[in-house]
There are 2 protein chains.
Amino acid sequence: MATHGARSRSGGRPTLEEVAARAGVGRGTVSRVINGSPRVSDATRAAVEAAVAELGYVPNTAARALAANRTDAIALVVPEPETRFFAEPYFSDMLKGVGAELSETHMQLLLIFAGSDRERRRLAQYLAAHRVDGVLLVSVHADDPLPDLLSQLEIPAVISGPRSAAETLTSVDSDNYGGGRSAVEHLLGRGRRTIAHITGRLDVYGAQRRVDGYRDALRDAGHVVDELLVEPGDFTEEGGRRAMTELLGRRPHLDAVFAGSDVMAAGARQVLRERGLRIPDDVALVGYDDSAIARHMDPPLTSVRQPIEEMGRRMIDLLLTEIADRRPAVSRGLERRQMVLATELVPRASS
Amino acid sequence: MATHGARSRSGGRPTLEEVAARAGVGRGTVSRVINGSPRVSDATRAAVEAAVAELGYVPNTAARALAANRTDAIALVVPEPETRFFAEPYFSDMLKGVGAELSETHMQLLLIFAGSDRERRRLAQYLAAHRVDGVLLVSVHADDPLPDLLSQLEIPAVISGPRSAAETLTSVDSDNYGGGRSAVEHLLGRGRRTIAHITGRLDVYGAQRRVDGYRDALRDAGHVVDELLVEPGDFTEEGGRRAMTELLGRRPHLDAVFAGSDVMAAGARQVLRERGLRIPDDVALVGYDDSAIARHMDPPLTSVRQPIEEMGRRMIDLLLTEIADRRPAVSRGLERRQMVLATELVPRASS
DNA sequence: ATCACCTGTGGGAGCGCTCCCACAGTACCT
DNA sequence: AGGTACTGTGGGAGCGCTCCCACAGGTGAT
């Protein structure tokens with residue numbers, strides 16, 4: 001008993017009870033003040049706030065989580081290895097938007113990588129333990145079981161980039177189809193006729209939609225789509241290089257390339273350079289993402305801008321709403337919430 | 001009461017008590033099994049494990065945290081805006097090492113940015129609430145109050161890159177002095193005589209130590225140190241550009257530059273190019289960090305490699321030890337723990 | 001004066017664990 | 001035979017909150 005008591009005193013952090021005693025009120029009243037309940041008189045509130053300040057009281061999160069059955073934390077789950085996370089500016093922008101929006105609240109953000117199998121198992125445990133109130137899912141592949149796990153566990157979740165047109169989770173996306181179209185329309189407008197496309201990973205829905213936009217823009221302009229001008233990439237620089245090499249082998253006289261990401265465009269550019277092809281004189285190049293890479297490339301890269309930061313912000317908005325509603329929108333029979341934000345083509349010297 | 005009961009049933013997650021009932025043992029025994037105590041007979045352990053599997057039991061972290069007064073989480077605190085975090089490969093490598101080492105344990109990693117004042121205030125609250133068992137501090141400036149806050153709150157912490165020679169926190173560092181020396185010795189060995197240095201931010205101890213190494217290497221080789229050949233940078237590309245411009249203005253005939261980071265070397269390279277100076281023919285260039293930038297630069301950049309991933313791993317080791325010891329080493333009167341890892345010069349075409 | 005209905009408040013019960021004391025049973029000494 | 005020591009186990013108490021019921025005291029309608 002004595003030992004036990006000593007343990008509990010360690011650190012000497014003040015508790016609600018102590019604040020209550022100091023302010024001369026009950027425990028419940030202090031709790032109400034801390035949580036901003038309106039049902040407290042001004043005088044009492046002031047007294048409690050003074051006691052809190054004097055004692056340097058900070059609520060014990062664990063106790064609160066246990067009693068209230070919530071954690072005040074949400075996770076940003078990245079189903080990729082760290083490496084890609086840092087290599088792609090997409091994540092950095094997303095994190096910025098998320099962080100900005102979240103800083104308005106009392107919620108804490110956890111960043112969780114789930115690239116390897118081992119990490120995924122850990123994540124599953126983590127989610128099963130309900131250690132977060134909600135989850136933000138970015139860059140999810142079509143066959144990923146994660147979203148289903150989430151709905152099964154009834155954890156509120158928002159996905160950036162739906163897995164398919166029939167996505168069941170609440171989602172935020174940019175208009176990939178329109179983005180793909182605008183890239184092609186831009187190149188056609190500049191008089192290009194043989195336009196190749198290096199796609200992103202095709203198990204990413206957004207990458208598919210860009211291809212759709214690419215095809216439809218060509219068709220609507222009266223062109224026949226030459227499938228040998230479409231080469232799948234994987235969003236990496238090396239993949240862009242490989243795809244470009246492939247394309248030049250099959251269609252040496254192409255006069256434009258639309259890459260599904262700036263990083264892949266950078267890879268493509270290297271190959272074009274090595275072959276002595278000038279940008280944009282011989283081959284026009286358009287990227288996707290409008291990242292720092294695009295601005296710093298030589299020549300500067302025309303690129304399709306996605307409002308990624310904005311997407312991050314919207315995701316948080318939607319997630320907080322779902323958490324407030326205390327269960328996923330689906331199970332409440334509400335309409336699926338899907339938000340699509342516009343893209344914008346940023347013309348530069350490469351096209 | 002009924003309502004309350006309903007609330008507690010929500011989600012229907014099994015508790016320790018239920019597992020105990022199922023296994024036909026007491027609560028304490030289940031707890032022992034879950035926590036890997038050796039004081040359980042094999043038969044009992046098997047029975048409990050079966051019950052856990054059948055029920056899909058996952059411990060409630062909040063309850064555990066409240067009862068045991070620990071969180072099983074540690075924070076990686078980055079006192080910089082997100083932007084820099086992503087721009088510098090240093091952090092990415094560090095995170096990789098930290099993540100790898102941590103995945104061996106049951107600990108959770110939180111990534112916390114504290115670039116703005118607002119974020120810092122949030123962090124202070126966060127730490128005061130003891131929401132993590134320990135803290136990893138990277139890239140801390142000499143006048144940062146964070147380390148002191150940490151010792152005051154008696155939160156175990158390990159710092160990467162001590163703030164000064166008299167750092168009180170447990171620290172892990174690479175041999176910046178030796179790294180600086182090796183860069184200069186390398187350049188001298190290649191016959192260079194007028195070697196400039198673009199430093200990192202001088203409120204970063206490691207950057208200072210590199211300058212010390214630079215100076216001593218020159219002196220030991222019988223040179224007089226020309227202070228006009230030393231220009232402070234700030235670890236950014238733009239800073240490298242500015243410093244290089246400055247240096248060329250003062251010492252147009254310099255024949256080598258040692259930059260305190262690869263990113264700054266990239267900035268310096270741009271300026272050299274613009275002035276028509278060839279690398280390495282006219283000016284040799286050496287960077288620091290041996291990042292992807294160094295390998296991909298044209299020409300490839302000679303650079304000093306720091307074992308950053310390894311540093312991340314060591315930091316975790318030390319931190320976990322301190323946490324296990326339950327209080328900072330300092331207050332136990334132990335020797336300060338300071339670990340210094342060797343650097344290695346990686347020669348490439350730029351020098 | 002009586003009743004209904006507010007507002008503000010105190011405090012019991014409970015969240016799901018960990019810690020530790022108590023105790024039964026067994027083994028090995030003297 | 002009694003003592004000592006160890007092993008394995010059950011369960012009480014407590015961690016610091018939130019939730020909610022109960023209730024005092026006020027206000028206004030009847």
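It should be emphasised that the depicted structure is a prediction, and the values quoted were computed from it without experimental measurement. What's counted below: heavy atoms across the whole structure, side chains too, no hydrogens, waters or symmetry copies. Proteins come first, then strands; the chains are lettered A, B, ... in the order of their sequence lines, and each starts at number 1.
Of the inter-residue distances, the one linking Ser103(A) atom OG with Arg122(B) atom CZ reads 6.5 Å to the nearest 0.5 angstrom. In this structure, Leu123(B) CG and Leu146(B) CG are separated by 5.5 Å, a value rounded to the nearest 0.5 Å.
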Name the pairs: protein N/O against N/O of nucleotides 8-10 of chain D, kept only if under 3.5 Å.
unit_1  : atom_1 : unit_2   : atom_2 : d
dT9(D)  : OP1    : Ser41(B) : OG     : 3.0
dT9(D)  : OP1    : Thr44(B) : OG1    : 2.2
dT9(D)  : OP2    : Ser41(B) : N      : 2.9
dG10(D) : OP1    : Gly26(B) : N      : 3.4
dG10(D) : OP2    : Gly26(B) : N      : 2.7
dG10(D) : OP2    : Thr29(B) : OG1    : 2.5
dG10(D) : N7     : Arg32(B) : NH2    : 3.2

Atom pairs under 3.5 Å, N or O on each side, protein against nucleotides 22-28 of chain C: can you list them with distances?
none

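Near DNA chain D, defined here as any heavy-atom distance below 4.0 Å, there are no residues from residues 47-61 of chain B.
Of the possible polar contacts, none joining the Asp93(A) side chain to the Glu309(A) backbone as a donor-acceptor pair under 3.5 Å is found. No donor-acceptor pair under 3.5 Å is formed between the side chain of Glu101(B) and the backbone N or O of Gly97(B). For Asp133(A) (side chain) and Asp72(A) (main-chain N/O), a donor-acceptor pair under 3.5 Å exists by modelled atom type. Between the side chain of Asn35(B) and the backbone N or O of Ser31(B), at least one donor-acceptor pair lies under 3.5 Å.
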Legend entry - Met311(B)/Arg314(B) under side chain to side chain contact (heavy atoms under 4.5 Å, CB included): CA gap, chis, key distance, verdict: CA-CA 5 Å; Met311(B) 286 173 65; Arg314(B) 292 283 152 267; 5.7 Å; no

Legend entry - Test side chain to side chain contact (heavy atoms under 4.5 Å, CB included) applied to Phe85(B) and Leu95(A), step by step: CA-CA 11 Å; Phe85(B) 182 76; Leu95(A) 191 58; 5.8 Å; no

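Following rounding to the nearest Å, Asn69(A) (CG) and dC20(D) (C1') show an atom-to-atom distance of 16 Å. Residue Arg64(A) contributes atom CZ, which lies 18 Å from atom C1' of dG16(C) at whole-angstrom precision. Distance His130(B) NE2 to dC17(D) P: 13 Å, rounded to the nearest Å. Rounded to whole Å, atom C1' of dG14(C) lies 13 Å from atom CD of Glu17(B).
In this structure, Phe91(B) has its ring center at least 6.0 angstrom away from the ring center of Phe86(A).
Residues Pro81(B) and Lys96(A) have side chains not in contact (no heavy-atom distance under 4.5 Å, counting atoms from C-beta outward).
Side-chain atoms of Thr170(B) and Glu322(B) form a donor-acceptor pair, as typed in the model, at a separation below 3.5 Å.
Within the 4.0 Å cut-off from OP1 or OP2 of dT18(D), at least one side-chain nitrogen or oxygen of Asn35(A) is found.
Closest to the side chain of Leu66(A), from the set dT18(D), dG16(D), dC17(C), is dG16(D).
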